[in-house]
Amino acid sequence: MLLILASLNSPAQAQAPVQAQTQQQIPRAYQGEWNMRVKDCGTSRNDSTLRLSKDSISYFESTGPVKTAVTRGKELVLVAELQGEGETRLHAAHFQLSRNGRKLTDVMSTPPLVRHRCPERRD
């Protein structure tokens with residue numbers, strides 16, 4: 001977790017200081033379904049599906065409650081307790097939201113994984 005929080009201290013961002021805020025809920029701007037391909041939204045056709053609610057995170061095969069969320073500008077760092085594949089584990093994630101709020105980049109992936117905001121479903 002400390003390494004993730006330290007990654008919020010990049011020199012490029014030092015020019016425009018923005019205070020980090022710790023909370024227990026994911027801010028509304030990040031909530032929703034995200035997918036590498038918009039056409040796959042609402043399906044299980046690929047494993048890039050990510051769902052963020054105010055208090056949980058859900059990947060293709062793991063889901064769990066958010067224990068803490070730290071935001072700074074368009075960055076979000078989460079610590080969650082995920083359950084999946086027969087185990088429970090702590091999970092840290094670091095995301096960058098695009099200016100227009102339509103793309104969410106997982107900056108911890110190599111290379112960074114870009115997901116697109118899925119349209120809201122009308123059930």
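This one's a predicted model, so the numbers in the text were calculated from it and none came from an experiment.
- Alongside L113, the hydrophobic cluster contains M36 (criterion: ILVMFWY side chains under 4.5 Å).
- You'll find the side chain of P27 stays beyond 4.5 Å of the side chain of Q21, heavy atoms only.
- With sequence neighbours excluded, the residues that form a side-chain hydrogen bond (donor to acceptor under 3.5 Å, both in side chains) with D106 are S109.
- Under the side-chain hydrogen bond (donor to acceptor under 3.5 Å, both in side chains) criterion, S98 pairs with N100, sequence neighbours left out.
- The OG1 atom of T105 sits 7.0 Å away from atom CD of Q96, with the distance rounded to the nearest 0.5 Å.
- Judged purely by atom type and a 3.5 angstrom limit, R117 has no side-chain atom pairing as donor or acceptor with the backbone of G32.
- The CG atom of N35 sits 12.0 Å away from the CG atom of L104 when rounded to the nearest 0.5 Å.
- Pairs of residues two or more places apart, or lying in two chains, that qualify as ring pair (Phe, Tyr, Trp, His ring centres under 6.0 Å) and include a residue from residues 57-83 are Y59-H91.
- Distance check: F95 CZ to L52 CG gives 5.5 Å after rounding to the nearest 0.5 Å.
- The environment of E87 atom CD is dense: over 12 non-hydrogen atoms of other residues, nucleotides or ligands sit within 6.0 angstrom.
- For residues 25-51, no pair satisfies ring pair (Phe, Tyr, Trp, His ring centres under 6.0 Å), with sequence neighbours left out.
- For the pair T63 (side chain) and I57 (backbone), a donor-acceptor distance under 3.5 Å is present.
- Among residue pairs with one or both ends in residues 63-109, none qualify as disulfide bond (SG atoms under 2.5 Å apart); sequence neighbours excluded.
- Applying the side-chain hydrogen bond (donor to acceptor under 3.5 Å, both in side chains) rule to Q23 yields the partners T71; only residues at least two apart in sequence or on another chain are considered.
- H116 pairs by the ring pair (Phe, Tyr, Trp, His ring centres under 6.0 Å) definition with nothing, not counting sequence neighbours.
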Would you list the atom pairs, donor with acceptor, under 3.5 Å between side chains in residues 76-86 and any protein atom, with sequence neighbours excluded?
none

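- A disulfide bond (SG atoms under 2.5 Å apart) check over residues 17-85, counting only residues at least two apart or in different chains, returns the pairs C41-C118.
- The shortest side-chain heavy-atom distance between P119 and V38 falls under the 4.5 Å cut-off.
- Counting only residues at least two apart or in different chains, salt bridge (charged side-chain N to carboxylate O under 4.0 Å, His left out) contacts with residues 46-65 comprise E33-R51.
- Listed for the E75 side chain is no donor-acceptor partner under 3.5 Å among the backbone atoms of H94.
- Listed by first and then second residue, the salt bridge (charged side-chain N to carboxylate O under 4.0 Å, His left out) pairs that reach into residues 36-45 are R37-D40, D40-R45, sequence neighbours excluded.
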